[in-house]
Amino acid sequence: MIVIVCVDQRNGLAFNGRRQSRDRMVAADILKESAGRRLWMTPSSRRLFLPEAEISQAPDCLDRAGPGELCFVEGQLLRPWMDRIEGMILYRWDRVYPADLHLDVVPSLPAWHLVSAGELSGFSHKKIEKEVYLR
């Protein structure tokens, strides 16, 4: 599976128990990225997306996502699924938040390869970096 995660500049996932991934431009880009592939997420994450979007939702979405499928993850550590993670799409905010949960799987060489990088103009953030990694 390919996990999709939103982080701040220090790989923070959540602050004060709240998600760091509420930006409608990021949600639109995730749907664009998932075109032709299955996209999984939890029911609480589903609320960030348009009602008509084709999304598979389950509390155990990381267990259900198969090879090549996308899984949008919020506020959850990834290490227990390392053997199943084929790639990672990071949306990185242009800020540092007082995070109380940090990404526990940070893509780095030699196991991970950056295959693309770019920027989005977000709704809540002027600049959002998008990094796509494969293992």
Side-chain angles (χ1 to χ4, degrees):
M1 86 182 116
I2 299 164
V3 294
I4 302 170
V5 183
C6 296
V7 296
D8 69 8
Q9 290 293 310
R10 292 190 185 148
N11 294 317
L13 291 170
F15 63 102
N16 297 326
R18 298 184 320 214
R19 63 174 47 119
Q20 284 202 23
S21 44
R22 178 172 240 134
D23 186 286
R24 66 181 112 180
M25 301 309 289
V26 168
D29 195 68
I30 290 170
L31 292 176
K32 184 176 153 187
E33 186 75 43
S34 69
R37 293 190 278 183
R38 192 168 194 178
L39 173 60
W40 286 94
M41 65 186 65
T42 65
S44 66
S45 296
R46 175 66 175 96
R47 292 187 291 245
L48 298 175
F49 294 83
L50 297 171
E52 64 271 13
E54 281 192 45
I55 295 173
S56 299
Q57 55 184 326
D60 60 346
C61 61
L62 282 163
D63 292 323
R64 293 180 181 232
E69 294 180 342
L70 300 172
C71 189
F72 178 58
V73 181
E74 294 185 288
Q76 193 167 355
L77 299 176
L78 300 174
R79 191 165 307 282
W81 292 274
M82 266 307 292
D83 61 328
R84 298 186 52 235
I85 297 174
E86 307 161 75
M88 183 180 295
I89 300 172
L90 286 179
Y91 290 93
R92 190 178 303 280
W93 308 132
D94 60 351
R95 295 188 180 122
V96 175
Y97 290 106
D100 51 17
L101 182 66
H102 289 84
L103 188 63
D104 63 338
V105 176
V106 179
S108 61
L109 291 173
W112 297 85
H113 301 280
L114 180 66
V115 294
S116 69
E119 289 182 6
L120 303 172
S121 291
F123 184 79
S124 61
H125 297 77
K126 282 186 177 182
K127 181 178 118 178
I128 300 169
E129 298 170 11
K130 179 182 178 183
E131 304 164 0
V132 180
Y133 295 90
L134 293 177
R135 285 178 61 184

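Under 3.5 Å, the side chains of D23 and Y91 contain no donor-acceptor pair of N or O atoms.
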> Where do L90 and L103 land on the side-chain contact (heavy atoms from CB on, under 4.5 Å) test, with the steps shown first?
Replying inline: CA-CA 10 Å; L90 286 179; L103 188 63; 3.9 Å; yes
> Would D104 and L13 satisfy side-chain contact (heavy atoms from CB on, under 4.5 Å), going step by step from the backbone distance to the final call?
Replying inline: CA-CA 10 Å; D104 63 338; L13 291 170; 5.9 Å; no
>> Run L48 and F72 through side-chain contact (heavy atoms from CB on, under 4.5 Å) and show every step you take.
In response: CA-CA 11 Å; L48 298 175; F72 178 58; 4.1 Å; yes
> Step by step, would you call Q9 with R92 a side-chain contact (heavy atoms from CB on, under 4.5 Å)?
Replying inline: CA-CA 6 Å; Q9 290 293 310; R92 190 178 303 280; 3.5 Å; yes
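In terms of modelled atom types and a separation under 3.5 Å, the side chain of E86 and the main chain of G68 share a donor-acceptor contact. No side-chain donor-acceptor contact under 3.5 Å links E119 to the backbone of I128.
With sequence neighbours left out, the side chain to side chain contact (heavy atoms under 4.5 Å, CB included) criterion links A53 to L31, R46, I55. A58 meets the side chain to side chain contact (heavy atoms under 4.5 Å, CB included) test with W40, D60, R64; sequence neighbours excluded. Every side chain to side chain contact (heavy atoms under 4.5 Å, CB included) that A14 has, sequence neighbours left out, goes to D100, L101. Under the side chain to side chain contact (heavy atoms under 4.5 Å, CB included) criterion, R10 pairs with D8, V96, sequence neighbours left out.
Across all their heavy atoms, C6 and W93 have their closest contact at CB-CZ2, 4.0 Å.
Connection of I30 to L50 is not established within any shared hydrophobic cluster, with ILVMFWY side chains joined at heavy-atom distances below 4.5 Å, either directly or through further cluster members. Neither L109 nor I89 shares a network with the other; the hydrophobic side chains, linked directly or stepwise wherever heavy atoms of I, L, V, M, F, W or Y lie under 4.5 Å apart, form separate groups for each.
Pairs of residues two or more places apart, or lying in two chains, never qualify as side chain to side chain donor-acceptor pair (under 3.5 Å) while including a residue from residues 107-117. The side chain to side chain donor-acceptor pair (under 3.5 Å) contacts involving residues 50-59 comprise R38-S56, where partners must be two or more places apart or lie in separate chains.
Note that CD of Q76 and OG of S45 are 9.0 Å apart. Values are rounded to the nearest 0.5 Å. Note that CD1 of I4 is 5.5 Å distant from CG of L39, once rounded to the nearest 0.5 Å.
Contact annotation: the side chain of M1 approaches that of I85 to within less than 4.5 Å [non-hydrogen atoms, C-beta and beyond]. At a threshold of 4.5 Å between non-hydrogen side-chain atoms, the residues V5 and N11 do not count as touching.
Residue R95 places its CZ atom among more than 12 non-hydrogen atoms of other residues, nucleotides or ligands, all under 6.0 Å distant.
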